[in-house]
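Okay, so here's the structure we're looking at.
Quantities reported herein were computed from a predicted structural model and do not represent experimental measurements.
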Amino acid sequence: MKKAVFRKTKRMVSFILIIALFASSGILSSCSIEREDPAALTLNGKEIKNDVFTYFIDKAMTELGVNADENAVLTKATQLTETYFKTNSLAVKCGVSLSTAQKASVSEKVNAYWGIYGDYYTSIGVTKETLTKIFTSEAYRNQLLVHYYGEGGEEEIGVATMYAYFKMNYIVFQAINGYFTYLDDNGNTVIRTPNEIEEIILKFQNMASLINSKEKTMEEAADFLATSGYSSSVVTLVLGKNDTSYPEGFFDKVQSTKARIASVIGTNEYIFIVLRGDAGVNSEYYKEKKEEILTALVGDKIDIKIDKSLAVESALNDMNTQSLYLLVKQEKAG
């Protein structure tokens, strides 16, 4: 009899210990279960995660202004989320994926944004993972552009059209940079005297002549001029027409020079020896710009194609939608 009672007591103690173990691990604790609020937005019956919708509420409010009408902001945010939804759906349908390099580019962009805006995104409930989803979708949009309009695509843009755009809107060149100004002891920019400017021009013209006569390479000319305080940029660069990295008028002046002939060009403050290349359709310089060129030529067409790719019915949970809207507005105002 005593043995039976002992065995029963032992089983009860074991059961209590198991309950205690589960409770301590959080398995039976209601506080440990993360309860996500009901989705504020549903598209075609599919719930959109609230942090994704919050990102687009923030984006809509940035575009329209923090004091914009609530309905206008939410309408815009819903449209942006629908585009995100359609882009991802079409990417799956077309079998579009990202290369390792493209995934790395997305990751780099996410890290850059998170480094600047991470605290703000956290305050409105947007995670780094969410940001990765958003930027991945943007990358899918570019890949869909290539899928439809790139080489072998259903609506391929011909090489002749692509390359003609490249020739008109990009230059491939090397440059050695010089300056007609200097900083004085007070940090003010001062223009050099006419005699000093003339001396600089002669040095650059002599170097250009030596380059063209094959007596010096661009690298050797840059090293020689460096002794007089001029910097070099001898790595071959590809510059777009609207790029502001160089002074106004620089693009047109370089484009008008003869390929493979070193030329001296200048502005009021700068002087350059430039050696323009003549990149062909098989060059890496042209190939690396093909996606940009497609975007410039047919970028709006892919957006129309994405928009028409799927009929979407949206449904808003008014209470949860307003709470997300107020959260974003409050954080923006703060």
- Below 6.0 angstrom between ring centroids: does that apply to Y113 and Y121? no
- Task: Assign the ring pair Y246 / F272 to parallel, tilted or perpendicular, where the plane angle (0 to 90°) is split at 30° and 60°.
- Result: tilted
- CG on N320 to CZ on F53, rounded to 0.5 Å: 10.5 Å
- For the pair N142 (side chain) and E291 (backbone), establish whether a donor and an acceptor sit closer than 3.5 Å, ignoring hydrogens and angles. no
- Item | Nearest-0.5 Å distance that lies between atom CZ in R260 and atom CG in L275 | 9.5 Å
- Task: Show the numbers, then the answer: is there a side chain to side chain contact (heavy atoms under 4.5 Å, CB included) between Q79 and T75?
- Result: CA-CA 6 Å; Q79 290 171 348; T75 298; 3.9 Å; yes
- Ignoring hydrogens and geometry, is there a side-chain-to-backbone donor-acceptor pair from S123 to Y120 under 3.5 Å? yes
- Query: Any donor-acceptor pair under 3.5 Å linking the side chain of K86 with the backbone of D307?
  - Reply: yes
- Message: Is it the case that the side chain of S105 and the backbone of A101 share a donor-acceptor pair, with hydrogens and angles ignored and the cut-off at 3.5 Å?
- Response: no
- Decide side chain to side chain donor-acceptor pair (under 3.5 Å) for T127 and T130; before the verdict, give the C-alpha distance in whole Å, the side-chain angles of both, and the deciding distance to 0.1 Å. CA-CA 5 Å; T127 65; T130 301; 2.9 Å; yes
- Message: For the backbone of L225 and the side chain of K203, can you confirm whether one donor and one acceptor N or O come within less than 3.5 Å of each other?
- Response: no
- Hey, is CG on D184 packed in by over 12 heavy atoms from elsewhere, all under 6.0 Å? yes
- Following the transitive rule for hydrophobic clusters with a side-chain heavy-atom cut-off under 4.5 Å over Ile, Leu, Val, Met, Phe, Trp and Tyr, establish whether I124 and I116 coincide in one cluster. yes
- Query: Does atom CZ of F180 have more than 12 heavy-atom neighbours from other groups under 6.0 Å away?
  - Reply: yes
- Message: According to a hydrophobic-cluster definition based on side-chain heavy atoms being under 4.5 Å apart (Ile, Leu, Val, Met, Phe, Trp, Tyr only), do V106 and Y117 belong together?
- Response: yes
- Is the shortest distance from a Lys or Arg side-chain nitrogen in E138 or R141 to a carboxylate oxygen in the other one below 4.0 Å? no
- Query: Is it true that a side-chain atom of N206 and a backbone atom of L202 form a donor plus acceptor pair closer than 3.5 Å?
  - Reply: yes
- Query: Side chain of N50, backbone of P38: donor and acceptor closer than 3.5 Å?
  - Reply: yes
- Message: Could you check whether any side-chain N or O of T42 sits under 3.5 Å from a backbone N or O of G45, counting only pairs where one atom can act as donor and the other as acceptor?
- Response: no
- Message: Quick check for you: to the nearest 0.5 Å, what is the distance between T62 atom OG1 and K59 atom NZ?
- Response: 9.5 Å
- Message: Closer than 3.5 angstrom, by distance alone: can the side chain of Q255 be matched with the main-chain N or O of K167 as a donor-acceptor pair?
- Response: yes
- Query: Can you tell me how far the NZ atom of K290 sits from the CG atom of L297, to the nearest 0.5 Å?
  - Reply: 12.5 Å
- Answer yes if the ring centres of Y163 and Y286 are under 6.0 angstrom apart, and no otherwise. yes
- Message: To the closest 0.5 Å, what do you measure between OG (S107) and CG (L131)?
- Response: 11.0 Å
- Item | Min side-chain heavy-atom separation F251-I171 under 4.5 Å | yes
List the atom pairs, donor and acceptor, that lie under 3.5 Å between side-chain atoms in residues 143-160 and the rest of the protein, sequence neighbours left out.
residue, atom, partner, partner atom, Å
Q143, OE1, Q102, NE2, 2.7
E155, OE2, K305, NZ, 2.8
E156, OE1, G152, N, 3.2

- With distance as the sole criterion, is a donor-acceptor pair present between the side chains of N195 and T193 under 3.5 Å? no
- With under 30° as parallel and over 60° as perpendicular, where do the rings of Y84 and F56 fit, or are they tilted in between? tilted
- Message: Looking at K46, is its backbone amide N or carbonyl O close enough to the side chain of N44 to form a donor-acceptor pair, meaning the two atoms are under 3.5 Å apart?
- Response: no
- Rounding to 0.5 Å, atoms OH (Y165) and NZ (K289) come to a distance of 11.5 Å
- Will you find, in the side chains of K128 and N111, an N or O donor that is under 3.5 Å from an N or O acceptor? yes
